[in-house]
Protein chains: 2
Amino acid sequence: MSGKERLLVRGAQGDLLRLVATGHAESRAQLARISGLAASSVSLRVEELIDTGLLVEEGSGTSRGGRRPRRLRVSPTAGLLAVADLGAHHARLGLLDLSGAPLVVEERACDIALGPEATLDWMAASFDELMLTHGPPGVPLRGVGTGIPGPVDPASGRVVSPSRMPGWHNFPVAEHLGAHYDLPVLVENDANLLAVGEARSWPGCDNLMVLKAGSGIGCGVIVDGRLHRGRGAAGDISHVRVRTDSSTMCSCGHPDCLEAYASGAALMGALSELGIATRRPGDVVALVEDGVPEATALVRNAGRLIGEVLTVLVNFLNPDAIVVGGSLSTAEPLISSIRAAVYERCLPLATRDLEIAVTRGGPDAALLGAGSLLLDAVLS
Amino acid sequence: MSGKERLLVRGAQGDLLRLVATGHAESRAQLARISGLAASSVSLRVEELIDTGLLVEEGSGTSRGGRRPRRLRVSPTAGLLAVADLGAHHARLGLLDLSGAPLVVEERACDIALGPEATLDWMAASFDELMLTHGPPGVPLRGVGTGIPGPVDPASGRVVSPSRMPGWHNFPVAEHLGAHYDLPVLVENDANLLAVGEARSWPGCDNLMVLKAGSGIGCGVIVDGRLHRGRGAAGDISHVRVRTDSSTMCSCGHPDCLEAYASGAALMGALSELGIATRRPGDVVALVEDGVPEATALVRNAGRLIGEVLTVLVNFLNPDAIVVGGSLSTAEPLISSIRAAVYERCLPLATRDLEIAVTRGGPDAALLGAGSLLLDAVLS
DNA sequence: CGGTTTGTCTTCGATTTCGAAGGAAGATGG
DNA sequence: CCATCTTCCTTCGAAATCGAAGACAAACCG
């Protein structure tokens, strides 16, 4: 299940491979421009990477006015990454090649309430199955990564006081997965993975806030093109106090947290009090699309509250874009009321070129983000 | 007053010089460790820098168990930086050597309400005077920088819609100063400079929020050890909506901005309504120290409001420390009520190792910050 | 269609950087 | 006080990197 010889790419070679893998460059000339190395050095290194079997030349790219570049790609046989995005009741699982491109992605039902051991063992078994059924023979697994719907301490790879994951507190996820695989293991908060994944779809935007609005409210922050972790829990906005008429206690012990009003779980709760049953946050979106006024009003209020919180952060961080993802993101009134609140209340300087939009990266964005981070760990 | 030949330090040499100048290293061995270069390469480069007259060897450092290192310093004759921190009624002006150490610092009265031309020409004249009276003969000026008590667009060096600087809107400060000096010119928001300056006093803290509580409320943000500018106005918290009973209109046209309740100007206004006259934010601190209950109550309320805003940002950014500076920072009740609000309401994960403290960098911190940023511009 | 322009990639000598080895200078410890 | 250790710095051959020059390939354009 492992024990393959470690990928050996040191220094400059690793950097070049990474640039190709992440899609930042796909020709020698581009590599030279981006890496700052001389064209001749790049050619030498690329030669070696091709000899090692990590890179392949594949046709030619589009001309920029002169000779067409020879397109470079990470070899499909160089290795695979197994990645997962764990949700409360479903997980997306996939295999990526070393360029981060998905080979297979599947969504499977699971239940994190069964506890970490059961869930992670199930995940590992699913990875093994995917490797057997979809992995080309002889192509080694190079890394394993998963997103977790709760706070993760990046240093230790442990889950730290999650709200909706009974039995997971302080569980060493990375260590447990590492016991199955003698490989680099990545464990990261799901919103952070989404942020990293989305960042690829927002070229030129170095500062990004990616909101994940599902059962809970998560947020990943990209500063200067890199994921900002702070001391580990950066990006948390769910326990911010909001301005409301009524007063509701949040599970964290404080009154009037954003999560208690604007999360998918809160919306479902409010609907059920009105006698409208829902099973998943997606059902709320369906109600909105069906024109159920109670649902629309609740979603619109959620958007306003989220927007008011974002107001503070937009003034403070001056991001290039706010990206809204998660299962609630397809509800039109949510986005538009977030937009309204932010544009109305923020400084003109901060909103002048600010874009507020839904996810561009598609349903696999978080998996791609996991691939992206995992690649850094894999390439020496 | 200029036209000196440009400092010529390319690539690796500039990096080494910068490391010595910023105090990150003071021996060849240390340079090798920090820069990642081979010890032999470091020796070569340092040799050249000494030959050029930019570095000097000066005695020996303390042993770490073996031979004592030969201490390196930036030559005092390598050049000077002229820096200023402009306030509403006072400016601090100083000359720094290329290591960022102050040669002279003076505080002089001025009035930014006289408009940009008058103020900047006065500043240039003051710089010239300082050079004449305190600059060692023959030592060239290498750069000029100033802090501005309002938003600055870093790309163009213009002031953008400042609240308390009549006549400055859109004025090209960097360009105007650049006409006097054919040198690198730095123009930056004052809170940002304070943040950069303070960062030197907080080793190990890569993520820092530095609050400047004076007439206005400014905030500089250090992320990953570097100043975060966003699109230019990052760090603004003064126009965040706060939770209050009453309702006050802010000059920005929105109700209940933090600035309208918690800035020095707002406190002075509130005191005058109570029949207590003050001329400067510092007077408010004096009243608090004299035990005037109205002043204490107002300051405490300001601290609470600021703290509540910080709550959001602390959860979001997970900084290592919050540093409070500015003329109000010496009011004990301000800090303690900020502390109370943040510690009470933030996530344990975010506050576990969070320090909330007053400035460590002393009164010249902003000038030192200007020197630090200016150095980057000066060293090619 | 053939010259011109633009961009890509390789060749090769010059330069820079590295790394191992060794000398210098002080700390440590009997 | 002398042997030994640690750290600092330099020396010198080996390796990596650079940059200029040129070959190559396509787009552009009268």
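FYI, side chains are in, hydrogens and waters are out, and symmetry mates aren't considered; it's all heavy atoms of this structure. As the structure is a computational prediction, the values presented were derived from the model and not from experiment.
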Next item on the list: Name the closest nucleotide to the S63(A) side chain, picking from dC9(C), dT10(C), dA27(D).
Entry: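 The closest nucleotide is dA27(D).
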Next item on the list: Among the candidates dT8(C), dC9(D), dT7(D), find the nucleotide nearest to the side-chain atoms of P69(A).
Entry: dT8(C)
Within this structure, what is the [atom1]-to-[atom2] distance between [X] and [N], rounded to whole angstrom?
{"X": "L16(B)", "N": "dT16(C)", "atom1": "CG", "atom2": "P", "result": "14 Å"}
{"X": "L31(A)", "N": "dG7(C)", "atom1": "CG", "atom2": "P", "result": "18 Å"}
{"X": "E48(A)", "N": "dA15(D)", "atom1": "CD", "atom2": "C1'", "result": "12 Å"}
{"X": "E47(B)", "N": "dT11(D)", "atom1": "CD", "atom2": "C1'", "result": "13 Å"}
{"X": "R71(B)", "N": "dT7(D)", "atom1": "CZ", "atom2": "C1'", "result": "16 Å"}

Note to self: Which residues pass the side chain to side chain contact (heavy atoms under 4.5 Å, CB included) test with V152(B), not counting sequence neighbours?
What the structure shows: I148(B), V187(B)
Notebook entry, point to check: So what does R33(B) hit on the nucleic acid, given a heavy-atom distance under 4.0 Å: a base, only sugar-phosphate, or nothing?
Noted result: sugar-phosphate
Taking only distance into account, with no hydrogens and no angle test, what donor-acceptor pairs under 3.5 Å do side-chain atoms of residues 64-72 of chain B form with protein atoms, sequence neighbours excluded?
residue : atom : partner : partner atom : Å
R70(B)  : NH1  : E57(B)  : OE2          : 3.2

Listed by chain and number, what are the salt bridge (charged side-chain N to carboxylate O under 4.0 Å, His left out) partners of [X], not counting sequence neighbours?
{"X": "D364(B)", "answer": "R92(B)"}
{"X": "E188(A)", "answer": "R229(A)"}
{"X": "D224(B)", "answer": "R226(A)"}
{"X": "D320(B)", "answer": "R231(A)"}

For residues 31-41 of chain B, run the donor-acceptor check on the side chains, cut-off 3.5 Å, and write out each pair with its distance to 0.1 Å, sequence neighbours left out.
residue : atom : partner : partner atom : Å
S35(B)  : OG   : L31(B)  : O            : 2.7
S35(B)  : OG   : L37(B)  : N            : 3.1

Next item on the list: Rounded to 10°, tell me the angle between the two end axes of the helix from dC1(C)-dG30(D) to dG22(C)-dC9(D), each built from five pairs.
Entry: 30°
Next item on the list: Walk me through it: do E26(A) and R73(A) pass the test side-chain contact (heavy atoms from CB on, under 4.5 Å)?
Entry: CA-CA 7 Å; E26(A) 54 171 30; R73(A) 276 203 45 190; over 6 Å; no
Next item on the list: Taking only the side-chain nitrogens and oxygens of R70(B), find out if one of them lies under 4.0 Å from OP1 or OP2 of dT7(D).
Entry: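 Checking dT7(D) against R70(B), no side-chain N or O comes under 4.0 Å of OP1 or OP2.
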Notebook entry, point to check: At under 4.0 Å, does any side-chain N or O of R64(B) touch on OP1 or OP2 of dG26(C)?
Noted result: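 No, R64(B) has no side-chain N/O under 4.0 Å of OP1/OP2 on dG26(C).
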Checklist line | Contact letters for nucleotides 17-25 of chain C, in which S counts primed atoms plus P, OP1 and OP2 and B counts the base, heavy atoms under 4.0 Å | finding: BBB---BBB
Next item on the list: Give the C-alpha distance, both sets of side-chain angles, the deciding distance and a yes or no for side-chain contact (heavy atoms from CB on, under 4.5 Å) between V74(A) and D97(A).
Entry: CA-CA 8 Å; V74(A) 175; D97(A) 64 25; 5.9 Å; no
